[in-house]
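Right, one structure below, let's go through it.
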Amino acid sequence: MSVLQFVVSIVLFAVLGFGIGFIFNMILRTTWLPVVFAVGIVAGTLIVQKIVPGIWDTVILACGLLGTVGSGWTIQTLRKKGYRMF
């Protein structure tokens with residue numbers, strides 16, 4: 001994997017994690033459930049496929065999880081500031 005692919009993958013997974021987590025937060029009206037889903041999906045996939053991820057894969061997946069945590073934090077902040085639609 002080249003450095004450019006690695007950097008683009010980090011950004012892509014973080015944005016995807018944030019976007020999908022934000023949409024789930026708005027639909028399900030829960031704050032941290034998308035984080036549980038993300039951890040469950042990643043762990044389940046690794047267990048079922050019996051894959052041991054390398055350091056590059058671990059960093060990319062962790063950035064996706066950070067994006068999901070960021071979406072939960074953003075929704076929580078918006079709710080505290082009075083936005084009732086979230």
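Any value given below was found using the heavy atoms of this structure, including those in side chains, with hydrogens, waters and symmetry copies removed.
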* Rounded distance [0.5 Å steps], CG in Leu61 versus CH2 in Trp56 -> 14.0 Å
* **Trp32 versus Trp73, closest heavy-atom pair with distance** => CH2-N, 3.6 Å
* Structure fact -> Scanning both residues in full, the closest heavy-atom pair of Arg79 with Thr31 reads NH1-OG1, 2.6 Å
* Looking at side-chain heavy atoms only, is the closest gap between Leu78 and Phe22 below 4.5 Å? -> yes
* Given side chains that start at C-beta, do those of Asn25 and Gln76 come closer than 4.5 Å, heavy atoms only? -> no
* **With sequence neighbours excluded, residues passing side-chain contact (heavy atoms from CB on, under 4.5 Å) with Leu46** => Val42, Ile51, Pro53
* **Distance, nearest 0.5 Å, that separates CG of Leu12 from CG of Leu16** => 4.5 Å
Cut-off 3.5 Å, no hydrogens considered: what does the side-chain donor-acceptor table look like for residues 62-71, sequence neighbours left out?
from	atom 1	to	atom 2	distance (Å)
Thr68	OG1	Gly64	O	3.0
Ser71	OG	Thr68	O	2.7

* **Other residues, nucleotides, ligands: >12 heavy atoms within 6.0 Å of Phe24 CZ** => no
* Rest of the hydrophobic cluster containing Leu4 (Ile/Leu/Val/Met/Phe/Trp/Tyr, side-chain heavy atoms under 4.5 Å)? -> Val8
* Kindly determine whether Phe37 and Leu28 satisfy side chain to side chain contact (heavy atoms under 4.5 Å, CB included), including the steps that lead there. => CA-CA 12 Å; Phe37 282 162; Leu28 300 176; 4.2 Å; yes
* Can you tell me how far CD1 of Ile10 sits from CD of Gln5, rounded to the nearest 0.5 angstrom? -> 12.0 Å
* Joint hydrophobic cluster, Val7 plus Phe13, side-chain heavy atoms closer than 4.5 Å -> no
* **Cluster check Ile41, Val36: I/L/V/M/F/W/Y, side chain < 4.5 angstrom** => no
* Please report the shortest heavy-atom distance between Ser9 and Ile60, naming the atom on each side. => CB-CD1, 3.6 Å
